[in-house]
Each structure stands twice: as structure tokens, then as C-alpha cells.
Number of protein chains: 2
Amino acid sequence: MEDLEDVLRARGHRVSAARRLVLMALFAADRPVTAEEIASGLQGQVPRSDLTSIYRNLELLEQQGLAYHLHLGHGPRHYRLVEVDEPCYVVCERCERVDSVPSSDLDAIRAAIDDRVGYHASFRHFPLVGVCRACMATSSGRAWGIREGRS
Amino acid sequence: MEDLEDVLRARGHRVSAARRLVLMALFAADRPVTAEEIASGLQGQVPRSDLTSIYRNLELLEQQGLAYHLHLGHGPRHYRLVEVDEPCYVVCERCERVDSVPSSDLDAIRAAIDDRVGYHASFRHFPLVGVCRACMATSSGRAWGIREGRS
DNA sequence: CTGGTTGCAAAACCTTTGCAAAGTC
DNA sequence: GACTTTGCAAAGGTTTTGCAACCAG
């Protein structure tokens with residue numbers, strides 16, 4: 001956290017209270033969080049704050065490669081700090097469950113995609129979507145979910 | 001096209017001019033299109049029409065399993081008719097290029113995901129995102145793109 | 001002090017909803 | 001004729017922009 005503040009300062013950005021708060025929130029969260037969740041204080045984990053500033057600071061953190069956002073279905077973006085071993089998120093399109101797997105678990109899959117499709121795939125911006133084991137066993141037919149708000 | 005109209009009628013829906021127009025547009029398009037593109041007539045391929053009706057009709061077609069939408073990055077949804085051999089879309093995160101591959105090309109990949117992650121993956125709602133061969137060769141470092149409008 | 005940042009208000013963008021008028025079966 | 005569907009207007013939810021006041025370095 002101090003480290004990230006130093007990175008920002010070293011690159012000519014200032015570390016204001018609002019900016020520090022966004023960093024705190026991202027550190028405190030154990031999962032990707034929305035700007036709105038940060039603004040409302042992550043259930044008391046950090047002070048409430050202004051949504052606009054949060055968006056602006058998240059944008060800065062993304063530009064600086066310190067954070068990124070992804071889309072877990074429709075609804076607002078979810079943000080996370082960038083880390084060395086980034087997990088890959090997996091969403092069940094039936095029950096909406098969100099799992100995460102170590103990115104390295106997907107190396108073989110990325111290699112296969114490289115091979116078959118000619119793209120070096122990343123599952124960072126859009127997660128892997130599918131039907132989880134539980135839903136596979138339970139539900140019968142029917143397809144598409146991805147409810148929740150806007151996209 | 002007539003077939004789809006019959007399906008709708010058989011299920012108790014009416015086939016109005018506006019509804020037919022959405023079907024025409026989806027047939028005319030050789031790629032996933034946005035509601036806005038349909039509304040503005042797909043460059044003269046179909047008559048211009050009202051955006052609200054288009055959204056309502058696209059929703060109906062999705063409910064009826066005749067069409068679906070997907071997200072090619074940020075910006076508005078893209079809609080397509082459902083077909084037997086649905087292609088899978090692949091987006092380059094560097095140059096924004098959109099390719100499509102036969103869904104069957106991904107069978108091995110889906111099997112690997114089933115195996116490693118325990119999900120039966122689908123690349124329908126969110127396309128596969130990665131770096132294409134051309135960009136792999138050209139650009140050096142740098143990550144994330146997915147520009148264009150809202151999500 | 002200087003200029004990056006904030007917070008509020010307002011706009012922008014995509015999608016949905018309300019409702020009277022029009023159209024389908 | 002009964003009941004869907006339309007088209008317009010307006011609202012909704014998320015993200016961005018304008019701008020004066022504020023604050024970090």
C-alpha cells in the first residue's frame with residue numbers, strides 16, 4: 001500500500017485522502033468491488049466517499065497499471081488491484097456463482113487457444129462463463145442467465 | 001425468416017411491421033449488430049425504425065430463444081440470431097479486431113476447461129479476448145484495451 | 001505558491017418503463 | 001372487438017465531464 005503510494009508519487013501524482021481511500025478499499029476487499037461499493041464504504045471497512053472521485057482514481061490506477069476492471073455479467077464494473085499471480089474469475093451462467101482459479105491453472109487452455117484460434121487469450125477483462133458442476137447436475141435444459149443491472 | 005415468424009405466431013405473439021423489421025435486420029446483418037445500428041437501418045439495408053421497439057423486440061426474441069446478445073468490449077450489446085452452428089467471437093484486445101471461429105473448433109478447449117476448472121464453458125455471452133497473431137508480432141509490451149463507449 | 005484533485009452538479013450513454021394510439025388476429 | 005404492440009416521452013443506472021474550491025508537494 002505504501003509502495004503503491006510511492007509509485008504514484010514517483011510518477012508525479014499526488015496522494016490525496018480520496019486517492020488513498022480507493023487504495024485502502026482495494027486492499028481491504030477480498031474480491032473485485034464496484035465503484036459504488038467503495039463509495040458506500042465496503043460495509044464499514046473504509047469511510048464513505050464521493051463516487052466521482054472514486055471513478056477518477058480508479059481510472060488513474062488503471063492507467064498506471066496498478067488496478068484493472070472486469071465484468072462479472074451485467075451491472076457495474078468490478079475493480080481489483082493488479083497482482084503478480086492474478087486469479088481468473090469464473091462465473092456460472094445458471095446460478096451466478098463466482099469462483100476464482102489461479103491463472104496458471106489455465107496455462108494449458110491458453111496454449112490450446114493459441115494453437116487452435118491463433119490468439120493469446122486472457123480471461124481478465126471478461127471472465128470465463130459456463131455452467132458449474134452443481135448446476136450441471138441439478139438443472140436440466142435452459143440456457144442464458146447473466147442477470148443483474150446493466151452491462 | 002418466415003419460419004421464425006411462424007414460431008412467434010405459434011407461441012401467441014403477433015408479427016407486426018416493427019417486429020418483422022428486427023428479424024429482417026438480423027437476417028441481413030452478417031455480424032452481430034447493435035440495437036442502434038438496426039434503428040438506423042444498417043446502412044440502408046432495412047428501413048429506419050424506433051429504438052424502443054427494437055429493444056422490446058430483441059428482448060422477445062431472446063426470451064423465445066431465437067436471438068441472443070453478446071458483449072464485444074465496452075459499448076452497446078450486439079445481437080445475433082441463434083443458429084445451429086453458432087460461431088464463437090474472438091476479440092483482439094490490442095487492435096480491436098473481431099474474428100469468429102466455428103464453435104466446434106473450441107471443443108477441445110471446452111473439454112480442458114471442464115477438466116481443469118469444473119465448468120462447462122460457453123464463449124457466447126462474453127467472447128474470447130486475447131492478442132491476435134499480428135499484434136503479437138508487432139506491438140511490444142502493454143496490456144489492456146477494450147475501448148468504445150460504455151459497457 | 002502552483003497546479004493536481006476534489007466534490008458537486010449536470011451531462012452522456014445505453015436500456016427500460018408508462019401510456020395513449022394504432023395494429024394484429 | 002379484444003388484446004398486443006407501437007412510438008414517443010420520460011425515467012433509470014452507470015460512467016464521464018465542467019468547474020470553482022481545496023490541498024499536496
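So you know, we letter chains A, B, ... as the sequences are listed, proteins then strands, and number each from 1.
A donor and an acceptor atom sit less than 3.5 Å apart, one in the side chain of Arg14(B) and one in the base of dC3(D). With hydrogens and angles ignored, a donor-acceptor pair closer than 3.5 Å exists between the side chain of Arg56(A) and the base of dG7(C). For Arg19(B) against dG7(D), no side-chain N or O and base N or O form a donor-acceptor pair under 3.5 Å.
In this structure, CD1 of Ile38(A) is placed 14 Å from P of dG7(C), rounded to the nearest angstrom. As rounded to whole Å, 15 Å separates atom P of dA22(C) from atom CG of Asp50(B). Atom CD1 in Ile54(B) sits about 17 Å away from atom C1' in dT17(C), given to the nearest Å. One interatomic measurement links the two molecules: CZ of Arg48(A) to C1' of dC8(C), which rounds to 17 Å at whole-angstrom precision. Rounded to an integer number of Å, the gap from CD of Glu37(B) to P of dC14(C) is 11 Å. The CG atom of Asp6(B) sits 14 Å away from the C1' atom of dC25(C) (whole-angstrom rounding). With rounding to whole Å, Leu51(B) atom CG is found 17 Å from dA12(C) atom P. At whole-Å resolution of the value, NE2 in His13(A) and C1' in dT2(C) are 17 Å apart.
Within the structure, salt bridge (Lys or Arg N to Asp or Glu O under 4.0 Å) pairs that include any residue of residues 35-56 of chain B comprise Arg31(B)-Glu37(B) (at least two apart or interchain).
The side chain of Thr52(A) lies closest to dA9(C), out of dG7(D), dG25(D), dA9(C). Distances were taken from every side-chain heavy atom of Arg77(B) (C-beta onward) to each of dT16(D), dT16(C), dC8(C); the shortest belongs to dT16(C). Listed nucleotides dC25(C), dG7(C), dT6(D) differ in distance to Ser53(B); the shortest reach to its side chain belongs to dT6(D).
Between His69(A) and His125(A), the ring planes are perpendicular. Angles over 60° get that label, and only those under 30° would be called parallel.
Of the two residues near DNA chain D, Ala17(A) and Ser16(B), the one whose nearest nucleotide lies more 5' is Ser16(B).
Across all their heavy atoms, His71(B) and Pro127(B) have their closest contact at O-CD, 2.9 Å.
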Can you give each donor-acceptor pair under 3.5 Å made by side-chain atoms of residues 82-92 of chain B, sequence neighbours left out, with the distance rounded to 0.1 Å?
from	atom 1	to	atom 2	distance (Å)
Glu83(B)	OE1	Arg80(B)	NH2	2.6
Glu86(B)	OE1	Arg124(B)	NH1	2.7
Glu86(B)	OE2	Glu83(B)	N	2.9
Tyr89(B)	OH	Arg80(B)	NH1	3.1

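Judged by distance alone, with hydrogens and angles left aside, the side-chain atoms of Arg77(A) form no donor-acceptor pair with the main-chain N or O of Tyr68(A) at under 3.5 Å.
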